[in-house]
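Below: the structure, in structure tokens.
Naming: A, B, ... by sequence-line order, numbering from 1 per chain.
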Amino acid sequence: MSVEPASLAVRQHIDLLPTSPFHFEGTVHKPSHFPSSDNAYESACYWFSLRLADATYGVKLTNLGTIDAPRLRLDVFSASEVSAAQLASIRSEIEYRFDLNANLAGFYQDCGQGALLKPVLERWRGARVSNGNSLYEFLVITTVLQNATVRRSVQMMETLFQAYGSQVAFDGKTLSAFWSPRAIDETSEEALRALKLGYRAKTLKRQARAMAAGDIDESALRTLPTDALKARLLALYGIGPASVWYLLFEVFKRYDVFEYISPWEQKIYSRLLFDEELVDANRILREVDARWGQWKMLAAHYLFEDLFWQRKTRSIPWLEALIRL
DNA sequence: CATCAGGGCCCTG
DNA sequence: CAGGGCCCTGAT
């Protein structure tokens, strides 16, 4: 349990040049994600805490460019001086997590003309698959998502931050930061249960154990072909078809993975693709494959996020009913 | 007040 | 491979 926020007062910055086109807002802020105190977003800035190689940093990304001439400022805030090597590894990690070096030209070419996707791609051209979290952190996220409504997931996540995470202050923001898997490895399942995490306590323990034992090399997993990667992820305790689907796409940027659809998303895609309340899951999966092939999850992601952006400016009654805060 | 499903997964039979 | 059990919550 942290007391005072750690002040990250040392600041360094470098410029990043994402591939073009690049959509800053559509990349750093995903309105369909549940809110979490480890990040903050305002028009041209995105702040988040980053835990890397046992150190905690504050990161600020600032948009300095345009869609066709992208340029980002990466500010790294730390408690003590960051070496050039550390800065380089932070940079490459961020490039991976935000997919800054992606080449989506083939996607726009293959999928840009369909009536459904065309206006969405025009609005969000250059948006990337992004997720600021490490594999371990995302395992925790999928665990608190399971069998829970959004409100409860948020509650559990914040409870975990309070009990095992820390607070960092930088650039006028105070954000939560993730813990080391060791922290959960060393705590008891009973202590986790006392936080009202229920049966998830066991899952969190098993996942932290695997990470702390060094069984999982995230950078090695990134290089695996999707089938092999999927098998490795499914072997992790607590990871089933729903969670692995999130992981393959959001963490590992596999644009073609869409073989599972949860009941909640089934209802949303039924509306988006068929303008019906509920369409058979297999029919949805066949449809996205036929429409978008190797880009099917990326295309679906664009549609999905566009819908949640629309929700910010106008009420979408059928969607509100599904979100169930 | 009681009951039940929720953005699943594991384990058993 | 189908189905029960699991933690807690808010909705009904």
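Counting non-hydrogen atoms under 4.0 angstrom, T159(A) reaches nothing in the nucleic acid. Looking at heavy-atom distances under 4.0 Å, R193(A) makes contact with sugar-phosphate atoms alone, never a base. Residue S243(A) is in sugar-phosphate contact alone, with no base atom involved, counting any heavy-atom pair closer than 4.0 Å across all strands shown. Here Y246(A) lies in heavy-atom contact (under 4.0 Å) with a base.
If you take atom P in dC10(B) and the same atom in dT9(C), they sit 23 Å apart, rounded to whole Å. For the P atoms, the distance from dT3(B) to dG5(C) is 15 Å, rounded to whole Å. Taking the P atom of each, dA5(B) and dG3(C) are spaced 15 Å apart, rounded to whole Å. Between dT12(C) and dG7(B), the two P atoms lie 13 Å apart (nearest whole Å).
Of the candidate nucleotides dG7(B), dT9(C), dG8(B), dG8(B) has the atom lying nearest to any side-chain atom of P263(A). With dG8(B), dG7(B), dG10(C) as the choices, the nucleotide that has an atom nearest any side-chain atom of T149(A) turns out to be dG7(B). Across dC6(C), dC9(B), dT9(C), the shortest atom-to-atom separation from the side chain of R152(A) is found for dT9(C).
Atom pair L319(A):CG and dG7(B):P shows a separation of 12 Å (rounding to whole Å applied). Computed from coordinates, the Y237(A) OH to dC9(B) C1' distance equals 8 Å when rounded to whole Å. With rounding to whole Å, L322(A) atom CG is found 11 Å from dG6(B) atom P. Nucleotide dC6(C) holds its C1' atom 19 Å from the NZ atom of K205(A), rounded to whole Å. Distance, L145(A) CG to dA5(B) P: 21 Å, rounded to whole Å. As rounded to whole Å, 18 Å separates atom P of dC6(C) from atom CZ of R206(A). The CG-C1' distance, from N147(A) to dC8(C), rounds to 10 Å in whole Å. L233(A) has its CG atom 18 Å from the P atom of dG8(B), to the nearest Å.
No donor-acceptor contact under 3.5 Å links the side chain of Y199(A) to the base of dG5(C).
Taking a pair to require two hydrogen-bonding distances under 3.5 Å in either a Watson-Crick or a G-U wobble arrangement, dG7(B) remains unpaired.
Geometric assessment of K312(A) against the ring of W309(A) yields a positive cation-pi assignment under the 6.0 Å and 45° thresholds. R51(A) forms no cation-pi arrangement with Y136(A), by the criterion of a distance under 6.0 Å to the ring centre and an angle within 45° of the ring axis.
Using a cut-off of 4.0 Å between Lys/Arg side-chain N and Asp/Glu carboxylate O, R254(A) and D227(A) are scored as not salt-bridged. For D217(A) and R232(A), the salt-bridge test fails: no basic side-chain N is under 4.0 Å from an acidic carboxylate O.
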**Q.** Intermediate values then yes/no, salt bridge (charged side-chain N to carboxylate O under 4.0 Å, His left out), D171(A) and K60(A)
**A.** CA-CA 8 Å; D171(A) 199 45; K60(A) 178 188 189 183; 3.0 Å; yes

Q. Given the rule in the side-chain hydrogen bond (donor to acceptor under 3.5 Å, both in side chains) test, do E305(A) and S32(A) qualify, once you have shown the distances and angles that lead to the verdict?
A. CA-CA 6 Å; E305(A) 294 301 329; S32(A) 83; 2.6 Å; yes

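Each of A242(A) and K267(A) lies near DNA chain B, and the nucleotide nearest K267(A) is the one positioned closer to the 5' end. Nucleotides of DNA chain B nearest to W264(A) and G238(A) differ in position, and the one nearer the 5' end is that of W264(A).
Listed pair Q155(A) / dG10(C) meets the phosphate criterion, a side-chain N or O lying under 4.0 Å from OP1 or OP2. Taking 4.0 angstrom as the limit, T143(A) places none of its side-chain polar atoms (N or O) nearer than this to OP1 or OP2 of dG8(B).
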